[in-house]
Amino acid sequence: MIELASKPSPQGGRTLTRYDVTRAELAERLAGQPRYRVDQVWAGLYEQLASPDELTALPKALRAELEESLPLALEVVAERTSDGGEVVKWLWVLTDGTQVETVLMHYADRSTVCVSSQAGCAMGCGFCATGQAGFDRHLTTGEIVEQVVRAGRRARDDGRRLSNVVFMGMGEPMANYDATWAAIERFHADLGLSARHLTVSTVGIVPGIRRLATEALPVNLAVSLHAAGDALRDELVPINRRYPLRTLMDACAGYLQAKGRRLSFEWALIDGVNDGDRDAQLLMERARSLPLPAHVNLIPLNPTPGYAVRGSSTRRVREFRDLLRSGGVNATVRRTRGTRIDAACGQLRATHADAEPTAVALRPRR
Ligand code: SAH
Ligand code: SF4
């Protein structure tokens with residue numbers, strides 16, 4: 001057995017997993033090896049999306065040692081596919097027993113993975129299954145990166161290439177800024193994904209938006225607005241009391257000025273709550289008040305166990321979209337993909353809450 005230099009585990013005693021280690025840390029671990037090994041292993045992990053045991057150019061003992069000392073972070077609890085295999089959703093268990101989920105969606109022109117940044121969420125939006133379940137913990141950089149690697153591998157098996165990442169799974173990425181940003185840098189530098197294909201979605205954490213504006217990589221920003229007046233937004237999205245719309249819009253304008261990227265507003269249409277003509281009017285004004293008009297993504301609210309109100313009807317969704325368009329605002333209706341497999345935010349975990357994880361355990365596809 002080859003001895004690798006070991007490092008104490010960093011994050012509160014949790015295991016340092018395969019995609020947590022930086023290149024410099026890998027180099028330290030491979031200190032006794034020829035220097036080209038670092039490139040070989042790094043390319044194996046990030047270009048080939050391979051496990052160390054698959055890297056046949058490495059000596060067998062080294063493969064075994066790396067396999068053991070750099071364990072995967074995510075083990076499959078459940079994997080479901082829908083829409084004829086176009087949507088794949090995973091529920092994973094992390095090394096400390098926490099559960100998170102990831103969704104891969106194939107479209108005609110791209111394959112997008114929707115990743116989680118936290119296990120649970122502390123923001124408490126009442127309509128969101130993740131918000132209803134509360135906060136467990138932040139994910140590490142490696143746990144975020146591995147979601148993309150595993151989805152990328154699956155996309156390849158499906159004959160596709162993973163091209164886009166959206167932070168629209170569980171959690172609020174801006175509340176876990178450092179790990180989120182380190183993951184984004186890894187997607188760009190090591191997985192070769194273009195910044196234009198990376199989207200951070202936030203409920204409106206203003207300091208996070210301001211910080212994002214100072215980063216070198218111009219990623220897309222999606223702001224989950226859902227209401228264009230403070231009274232309703234305070235109710236739907238409680239963090240609005242801390243960062244009200246004026247402050248939020250100011251930060252959005254700052255982001256656009258710094259990056260010149262398109263910004264989108266996400267709007268979950270809730271029957272009788274935020275789908276009236278007046279709501280459309282206010283939203284239009286907000287979208288047009290920015291230096292570059294915001295693009296609006298409409299999605300009918302997905303039903304969740306803890307929220308009694310329904311999503312708007314298909315007809316109302318279309319009318320609302322047309323109102324925005326007639327006011328000169330770009331608006332698209334997001335297809336609700338994978339609702340039959342509970343592919344909406346936080347819902348797979350919610351439906352598994354009573355199930356014994358082992359009862360549905362599948363082997364990880366590696
Ligand atoms: N916390 C971040 C990112 C994760 S939520 C955010 O809030 O932006 C990803 C998206 O799913 C957000 O736009 C959120 O508002 C939306 N969402 C949450 N619950 C939903 C539901 N029940 N139906 C439709 N969209 C929902
Ligand atoms: Fe958290 Fe986003 Fe859900 Fe709100 S909508 S509870 S911020 S994950």
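Just so we're clear, the structure is a prediction, and the values are computed from it rather than from any experiment. In each ligand, atom 1 is the first atom listed, and ligand 1 is the first ligand listed.
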Is it true that Asp96 and Arg137 have a side-chain N and a carboxylate O under 4.0 angstrom from each other? yes
Please list, in number order, the atoms of ligand 1 under 4.0 Å from a heavy atom of Cys128. 18 (C), 19 (N)
Between Asp250 and Arg210, does any side-chain N to carboxylate O distance fall below 4.0 Å? yes
For ligand 2, which atoms sit closer than 4.0 Å to a heavy atom of Met123? 1 (Fe), 7 (S)
Find all atoms of ligand 1 within a distance of less than 4.0 Å from any non-hydrogen atom belonging to Thr202, and give their numbers and elements. 6 (C), 8 (O)
Under a 4.0 angstrom heavy-atom cut-off, which atoms of ligand 2 come close to Gly131? 6 (S)
Donor + acceptor pair across side chains of His188, Ser194 (<3.5 Å): no
With only distance considered, is Phe127 within less than 3.5 Å of ligand 1 through an N or O on each side? yes
Identify, by atom number and element, the atoms of ligand 2 in contact range of Val203, meaning under 4.0 Å from any of its heavy atoms. 7 (S)
Verify the neighbour count for atom CZ of Arg196: are there more than 12 heavy atoms of other residues, nucleotides or ligands below 6.0 Å? no
Within reach of ligand 1, part of Phe167 (heavy-atom separation under 4.0 Å): backbone
Does Gly171 reach ligand 1, in the sense of a heavy atom lying below 4.0 Å from it? yes
Proximal ligand 2 atoms for Cys125, defined as those under 4.0 Å from one of its heavy atoms: 4 (Fe), 5 (S), 6 (S), 7 (S)
Has His226 got any heavy atom lying under 4.0 angstrom from an atom of ligand 1? yes
Whether Cys128 has an N, O or S atom under 2.8 Å from atom 3 (Fe) of ligand 2: yes
Looking only at heavy atoms, which two atoms of Leu162 and Ser111 are closest? And how far apart? CD1-O, 3.6 Å
Sub-4.5 Å side-chain heavy-atom contact between Val296 and Leu283: yes
Using modelled atom types and a 3.5 Å cut-off, is there a donor and acceptor pairing between side-chain atoms of Thr98 and backbone atoms of Leu94? no
Under 3.5 Å between any N/O of Pro173 and any N/O of ligand 1: does that happen in this structure? no
Consider ligand 2: state whether an atom of it lies below 4.0 angstrom from any non-hydrogen atom of Ser224. no
Can you sort out which atoms of ligand 1 are near Glu266, meaning under 4.0 Å from one of its heavy atoms? 13 (O)
Which atoms of ligand 1 are found less than 4.0 Å from any heavy atom of Thr304? 22 (N)
Show the atoms of ligand 1 that are less than 4.0 angstrom away from any heavy atom in Gly169. 4 (C), 5 (S)
Are a donor atom and an acceptor atom from the side chains of Glu79 and Thr81 found within less than 3.5 Å of each other? no
Do the non-hydrogen side-chain atoms of Gln118 and Phe135 ever get within less than 4.5 Å of each other? yes
Nearest heavy atom to atom 23 (N) of ligand 1, choosing from Val200, Val203, Asn302, Val237, belongs to Asn302
Please determine whether a side-chain nitrogen of the Lys or Arg among Asp158 and Arg153 lies less than 4.0 Å from a carboxylate oxygen of the Asp or Glu. no
